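I have placed the structure first, in the form of C-alpha cells, so that the comments after it can refer back to it.
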Amino acid sequence: MEDSVWQSVLGEIELNVSRASYATWFKNTVPLSTGANELVIGVPNIFAKQQLDVKYKDLIQEALKNSGNNDTKIEFKIHSIITKKRARSSKSIDMDSLAGAPAPSSTDSKSPSKTTKLGLNSKYSFKDFIVGSSNDLAYAACQAIAQSPGTKYNPLFIYGGVGLGKTHLIQAVGNGIIANDSSSRVVYISSEQFVNEFLDSIRYKKKGFSDKYRKADVLIIDDMQFIADKEKTQEEFFHTFNTLHQNNKQIIISSDKPPKSIPTLTERLRSRFEMGMIVDVQPPDFETRCAILEVKASNSGATLDRETVEYLATHVQTNIRELEGSLNQLLALCEMRGLQPDIKVASSLLSSARLRPKHITPKQVVERTARHFQIEIEEIVGPKRDKDIVVPRQIAMYLLRSELHLSFPKVARELGRKDHTTAIHSVEKIEKGMSFDQMIRQHVNEIKERLYA
Ligand code: ADP
Ligand code: MG
C-alpha cells in the first residue's frame, strides 16, 4: 500500500467534516508505515489520537473502503511531525511601548516574565486541555486560530458557564501564537480590567489606553459580560474592535452567554460579534470528567484508582474548576495526613463539603487568614511589606476573589489597598502558587477548611 492511500482518505474526509475539525484533527497527520493490510498514521498528540480513535475511526474506515482498502487495519501513533516553523529569535517584545501596560506590583519580588506582562499565563496550554464532545468545537476553532491568527474565525466568540475552560482555551491560543511567532503582540485582558483601565484613563487623563489595545496583533478579552452594562466602555471597545478587525488582527472574546442573550450589549457590538464564529463549551460528560481527573492527578504525581475517579466524576458534575478543586483538596488532604487517595477519603471529603454554609463575609475571610498566620488584622490591612505579612495578604485577596468572587477593586479595598492592580497581581501570584507551591496550597486549603467548618 502506498502513502497516497492516506492522501485519498484525507481527501474524502475533508469533504465530510467541518473545516475546523479537519484542520485540527487531520491536517497534521502523516502516514508512518504502510504494510499490506495495515496503515500506521502519525498524529501530533494524545488528543488527536483520542479523537481519531474514538470519533473518526468509522469515517476513516469508510473512506478506506471507498478507496478499495477494505480490510486495512488502522493505527494511530503519537509522532512529533515536522514542527511548525518557530521564530526562535530572542528579540524581546517591547510591550512597554504599548503605553499604559500595568506596572508589576511592587510587592512582587521577582520581575515577571514577558508573558505575564501580556496578561498571559503560560500554565494554560493546548497540551493540558482535555477534549471531549462538550468542547471539541471550541478547541478546534482555537487550534485553527493559533495556527493562523487573523485569517479565519474573526472574531471568535466562545461562551459557556463558569469553570468550563473558556479562559484556559483562549489563553492557550495566546500562548500558542507566541510559541509560533515570538514577535506577535498578544494582549489578554479580562473585560473587568478593561473597564477599570478605561475608567482610570478618563479619570486621571492617562494617555495610551487606546494604543495599548489598538496596536495588538491579537486581542483576547475574557468575560465580556462585565462590559455589557457599561455604555462608554462598550463604545471604546467598539472602536478598538473595528481598528483591529480592519487590519485583520485576531480578536477572541469569551462570555458566559452568546451575544444575542446579553441584553445590554449594544446592537452594533452584537452584530460585530456575530460576524465571526460563535462556539460554546458545555459541561463535560462523564468520560471527559474521568479523563480530566486522571490526567490532572497524574500531572500532580498521584494515581487514582478507577473507583475513586468515577466517584469524583459522578459527584462533581457541572464544572471543571470544581472537579479540579475537589481533586486538589483530596490530594492535599491525603498529603497532609499521609493517606492514600481512595474512595473512602474522597467520599468523606465531599460529604463535608456539601455541608458548607453559603454565606461567608469578606471580613471573615480576612480575619481567618490573619489568624491562620498569627498576625494582627491591623497588620494584614496595614502598610507593612514584610514577607510574613505580604504573603498572608495575598492569600486573603486570593480567597476573596476565588471564594466570594469580589471584584478586584473590592478585593483591594478589603485589604486596605487603593490600587486594584495590586489585587490582580496578588491573586495571580497565589493562583500560580496553588499549582506549583505545596506550602501555598496547604495554607489555602487549611484556611478554607476552617472557614467552612
Ligand atoms: P472558565 O474560564 O470557563 O470559567 P477556566 O478556563 O478558568 O474556566 O477553567 C477552570 C479550570 O478548569 C482551570 O484550571 C482549567 O485549567 C481547567 N479546565 C477547564 N477545562 C479543561 C479541560 N478541558 N481540560 C483540562 N483542564 C480544564
Ligand atoms: Mg474564565
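Just follow the structure's listing: the first ligand is 1, and inside any ligand the first atom is 1. On a predicted model such as this, the values are computed, not experimentally measured, just so you know.
When the heavy-atom distances from atom 3 (O) of ligand 1 to Arg321, Glu322, Lys166, Lys296 are ranked, the shortest goes to Lys166. Closest heavy-atom approach to atom 17 (C) of ligand 1 among the candidates Met434, Glu431, Glu324: Glu324.
Polar contact with ligand 1: absent for Leu169 (N/O pair, distance under 3.5 Å). Between Gly165 and ligand 1, an N or O atom pair is found at a separation short of 3.5 Å. Close N/O approach between Ile130 and ligand 1 is found [any backbone or side-chain N/O within under 3.5 Å]. Not a single N or O atom of Val131, backbone or side chain, sits closer than 3.5 Å to an N or O atom of ligand 1.
Note: Tyr159 and Phe273 fail the aromatic proximity criterion, with ring centroids not under 6.0 Å apart. Between Tyr213 and Phe237, the ring center distance fails the sub-6.0 Å criterion. Between Tyr124 and Phe129, a ring centre-to-centre spacing not shorter than 6.0 Å is recorded.
For the pair Tyr139 and ligand 1, no heavy-atom separation below 4.0 Å is found.
Close approach to Gly161 involves these atoms of ligand 1, each under 4.0 Å from a residue heavy atom: 3 (O). Taking every non-hydrogen atom of Asn135 and a distance limit under 4.0 Å, the qualifying atoms of ligand 1 come out as 23 (N). Those atoms of ligand 1 that come under 4.0 Å of a heavy atom in Tyr124, given as number and element, are 16 (O). Counting atoms of ligand 1 from 1 in the listed order, those under 4.0 Å from a heavy atom of Thr167 are 1 (P), 2 (O), 6 (O), 7 (O). The atoms of ligand 1 that sit less than 4.0 Å from any heavy atom of Val162 are 4 (O). Numbered from 1 in the order shown, with element, the atoms of ligand 1 that lie under 4.0 Å from a heavy atom of Asp128 read 24 (N), 25 (C).
For atom 15 (C) of ligand 1, the closest non-hydrogen atom on the protein side is His168 ND1, 3.4 Å. Counting protein heavy atoms only, atom 18 (N) of ligand 1 is closest to Ile320 CG2, 3.3 Å. In terms of protein heavy-atom proximity, atom 4 (O) of ligand 1 is nearest to Gly163 N, 2.6 Å.
Judged by distance alone, the side chains of Gln282 and Asp280 do bring a donor and an acceptor atom under 3.5 Å apart. For the residue pair Asn175/Ser122, the side-chain donor-acceptor check at 3.5 Å is not satisfied.
Each of Tyr188, Phe209, Phe226 was checked for a ring-ring contact (aromatic ring centres under 6.0 Å, His included) with Phe194, and the lone residue meeting it is Phe209.
A cation-pi arrangement, defined by a distance under 6.0 Å to the six-membered ring centre and an angle within 45 degrees of its axis, is absent between Arg272 and Phe238.
Look at Ser254 and the Mg ion (ligand 2): no N/O/S atom of the residue is under 2.8 Å from the metal.
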Stepwise salt bridge (charged side-chain N to carboxylate O under 4.0 Å, His left out) test for Glu267 and Arg270: CA-CA 5 Å; Glu267 191 47 47; Arg270 186 191 342 272; 3.2 Å; yes
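Residues Leu327 and Gln329 form no side-chain contact, since every pair of their non-hydrogen atoms from C-beta on lies 4.5 Å or further apart. A 4.5 Å side-chain heavy-atom check between Tyr139 and Ile158 finds every atom pair outside the cut-off.
The aromatic rings of His443 and Phe373 sit tilted relative to each other, their planes meeting at an angle between 30° and 60°.
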